[in-house]
Amino acid sequence: MGLVNTLKVAIVAIVLSTIVGTLVGVGRLSTNWLVRQLSFGLVEVVRNTPLLIQIVFWYFAVVLQFPPASTAANMFGLVIASQSGVFLPFVAVSETTTGVASAALAAGIAALLVVLSGGLFDTGRIVKRGALALAAVLLAVSIVAGFPLIPNLPVVTRFGARGGCLSRRN
């Protein structure tokens, strides 16, 4: 379980740091004085503050401000926030799914990605229309054969929350 949690945190950290780093880097190159100075200030604060001080700050200033697990904040029945974490909705694979439904869904998504790829592939309109039609047919087959994906919403429990994408058991 420790390896799974480490991988979850690492993947989220890599994605978020790439997005934030790109935005701040572009902000440093901006011609807008305010954006450039805010980006410069953020970079200097983060670079010149020890990591341990940042961790302690975020723990006391943010995490401890969330409600305890017994009175977790439930936002629209989708997001649950407490001191034990933020639980978001997720998509899980149904236990009663068939191989045909899963294969049709995967192939439909692949065909849809070909359509959405835009200029990545040098395909003409006929190929894109055919791929779009194929994606629609494959997604319909997946639905008829028993759609393999179901929503996994977080649920408040006595000591926190269960379900969602940060759950131990998806």
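- Side-chain contact between Leu105 and Leu139 is present, with heavy atoms from C-beta onward closer than 4.5 Å.
- Checking side-chain atoms of Arg36 against main-chain N and O of Ser30 turns up a donor-acceptor pair under 3.5 Å.
- Taken to the nearest 0.5 Å, the CG atom of Asn152 stands 11.5 Å off from the CZ atom of Phe87.
- Minimum interatomic distance between Thr49 and Val45 (heavy atoms only, all atoms of both residues): OG1-O, 2.5 Å.
- Note on Val35 and Leu42: separate hydrophobic clusters, where clusters join Ile, Leu, Val, Met, Phe, Trp and Tyr whose side-chain heavy atoms are under 4.5 Å apart, directly or indirectly.
- No continuous path of ILVMFWY side-chain contacts below 4.5 Å connects Val26 to Ile19, so the two sit in separate hydrophobic clusters.
- Linking ILVMFWY residues whenever their side-chain heavy atoms come closer than 4.5 Å, directly or via other members, leaves Val100 and Leu149 in distinct clusters.
- Side-chain N or O atoms of Ser102 include none that pairs as donor or acceptor with a backbone N or O of Gly99 at under 3.5 Å.
- Side-chain contact check for Pro148 versus Ser142: some heavy-atom pair is nearer than 4.5 Å.
- Side-chain heavy atoms closer than 4.5 Å link hydrophobic residues (I, L, V, M, F, W, Y) into clusters, and following such links, possibly through other members, connects Val63 to Phe60.
- Contacts of Asn48 classified as side chain to side chain donor-acceptor pair (under 3.5 Å), with partners at least two apart in sequence or in another chain: Glu44.
- Here Leu153 contributes atom CG and Leu88 contributes atom CG; the two are 11.0 Å apart, rounded to the nearest 0.5 Å.
- Of the inter-residue distances, the one linking Phe57 atom CZ with Ile55 atom CD1 reads 13.0 Å to the nearest 0.5 angstrom.
- Using a 4.5 Å heavy-atom threshold, the side chains of Tyr59 and Leu64 count as touching.
- The structure places CG of Leu16 at 12.0 Å from CD1 of Ile11, a figure rounded to the nearest 0.5 Å.
- The side chain to side chain donor-acceptor pair (under 3.5 Å) test applied to Gln65 returns no partner, not counting sequence neighbours.
- Phe40 and Leu38 sit in two unconnected hydrophobic clusters of ILVMFWY residues. Membership requires side-chain heavy atoms under 4.5 Å apart, directly or through other members.
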